[in-house]
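Below: one structure, written as C-alpha cells.
Model, not experiment: these values are computed from the prediction.
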There are 2 protein chains.
Amino acid sequence: MHILTLLALDKDSWLTSAHIAGSLNVNPVIVRKEIMNLKSGNLIESKEGKNGGVRLLKDPSEIYLSDIFQLVKGKHNVLSLSKNTPNPACPVGRQINEKLESVFDNIDDAIIRELSKQTLDAFKNQF
Amino acid sequence: MHILTLLALDKDSWLTSAHIAGSLNVNPVIVRKEIMNLKSGNLIESKEGKNGGVRLLKDPSEIYLSDIFQLVKGKHNVLSLSKNTPNPACPVGRQINEKLESVFDNIDDAIIRELSKQTLDAFKNQF
DNA sequence: TTATACTGTAGTAATTATTATTACAGTATA
DNA sequence: TATACTGTAATAATAATTACTACAGTATAA
C-alpha cells in the first residue's frame, strides 16, 4: 500500500527502489522484491538501466484495494496457520484444518468485499 | 478454535491441558496460556487440582465465532504491521500508519460481521 | 494426612519467519 | 564508456513464535 501510494501520488515519474525504500525506511532489496510481486499482478511496470524505476500501469481510480489485497496476500488465507500439524489419530485433529480453511475462505471473501469499496485513488487523496 | 471445538464436543467433562495438547500436537504449556486468554473472555472455566481441567462456560449455541475472533486477535488488527517505522520526513511515511489502521479497522469489522453468522455449535457439529 | 494429578506461571532454549545486507550480472541512458 | 538503475542470489541479523523444563499452588481421593 505504501509503495502504491507513492506511485499514485507521482503517477508520471519513474520512482527508484532507493527512493521508495527511503520513505518506507526499509532496505531497497525488500522493495524490489515486492515490486516483482506487484509487476506479476500487472499493477506496475519497471524500467531497467539509468533513469529507470517503477510506475503504475493503471490509473489509481481503476485499482481497488481488493485487487491489491488479493495480490499481496498470496495463496494463503489471511488467518491461515503457518504451521499446523494436529494429531491425525484424533477425529477433531484429523479434520480441523479443512474446516478452518473453509472459515478462513469466508473471511477472505468478506475482506475482498469490504476492500472493493475503495480505490487507490481515494486512498492516495488522503495525503 | 481447536480447543473450543474439543470442549464443545465434550461439554460436561473437565478436559486437561495434556489431553487438549495431544489433539493439537503442541506443548501443554501453550494450551494453558491460550486457556488463560479464553478464561479472560469468560468463554471457559478451569479447575485446579486432581481431576481438574477446563470446560465451556456457555452453551456452544451461544458462542459466535466472532466472539472467539475478537478475543483471540487481541488488541491488534489482523492485518496490522508488527513493526513499521516509515520515514517521518516523508509526507506519506508520516501518515501511512494511521491511514492504514483505518482500513484495517474496516477489515476487522467486516470479519466480525462474517463470523457472527456462525456459532461454535454449528462448527463443532461438522465433526 | 498424604500421594496424586492437575493448573498457573516463570524462565530459557529452540525453531521459524522476516528483514537486512552484500554482491554482482544485466541493461538503458547520456 | 561511465553511470545509475533493476533483478536476483546468498547469507547474516533480528524478531516472533513455540517448545521445554521446572516448580509452586491446589483440589481430590485413598
Taking OP1 and OP2 of [N], is either one under 4.0 Å from a side-chain nitrogen or oxygen of [X]?
X: K33(A); N: dT19(C); answer: no
X: S46(A); N: dT6(D); answer: no
X: K47(A); N: dA4(D); answer: no

Atom-to-atom span, [atom1] of [X] to [atom2] of [N] - whole angstrom:
X: E48(A); N: dA25(C); atom1: CD; atom2: P; result: 15 Å
X: K39(A); N: dT6(D); atom1: NZ; atom2: P; result: 10 Å
X: N84(B); N: dT19(C); atom1: CG; atom2: C1'; result: 12 Å
X: L24(A); N: dT18(C); atom1: CG; atom2: C1'; result: 15 Å
X: N27(A); N: dT14(D); atom1: CG; atom2: C1'; result: 14 Å
X: I30(B); N: dA10(C); atom1: CD1; atom2: P; result: 14 Å
X: I35(B); N: dT9(C); atom1: CD1; atom2: P; result: 12 Å
X: E45(B); N: dG8(C); atom1: CD; atom2: C1'; result: 16 Å

Of the options [options], whose atoms approach the side-chain atoms of [X] most closely?
X: R32(A); options: dA23(C), dT7(C), dT18(D); value: dA23(C)
X: M36(B); options: dT18(D), dG8(C), dG26(C); value: dG8(C)
X: K50(B); options: dG8(C), dA10(D), dA5(C); value: dA5(C)
X: N51(B); options: dC20(D), dA29(D), dG8(C); value: dA29(D)

Worksheet item: Applying a 3.5 Å limit to both distances, which nucleotide forms a Watson-Crick or G-U wobble pair with dA10(C)?
Response: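 Here dA10(C) is engaged in a pair, and the nucleotide opposite it is dT21(D).
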Practice prompt. Scan every strand shown for a Watson-Crick or G-U wobble partner of dT29(C), both distances under 3.5 Å, and answer none if you come up empty.
Written response: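 Its partner is dA2(D).
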Item to complete: For the residue pair F123(B) and T5(B), establish whether any side-chain heavy-atom pair is separated by less than 4.5 Å.
Response: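 Of all side-chain heavy-atom pairs linking T5(B) with F123(B), at least one is under 4.5 Å.
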Item to complete: Indicate the atoms forming the closest heavy-atom contact of E114(B) with A110(A), along with that distance.
Response: CB-CB, 3.9 Å
Worksheet item: If you measure only the distance, is there a donor-acceptor pair under 3.5 Å linking the side chains of D10(A) and S13(A)?
Response: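 On atom types as modelled, these side chains qualify, holding a pair under 3.5 Å.
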Item to complete: For the residue pair D59(B) and S61(B), confirm or rule out a side-chain donor-acceptor distance under 3.5 Å.
Response: yes
Item to complete: May I ask you to say what K83(B) touches in the nucleic acid, namely base, sugar-phosphate or nothing, with a heavy-atom cut-off under 4.0 Å?
Response: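 Nothing, no nucleic acid heavy atom in range.
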Worksheet item: With a 4.0 Å cut-off on heavy atoms, is V29(A) in touch with a base, just the backbone sugar-phosphate, or nothing at all?
Response: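 Answer is base: heavy atoms of V29(A) come under 4.0 Å of a base.
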Discussion item. Can you work out whether G49(B) or V26(B) has the more 5'-proximal nearest nucleotide on DNA chain D?
Written reply: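 By nearest-heavy-atom nucleotide position, the 5'-most residue is V26(B).
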Worksheet, complete the sentence: Distance col, row I63(B):CD1 vs I44(B):CD1, nearest 0.5 angstrom, shows 9.5 Å
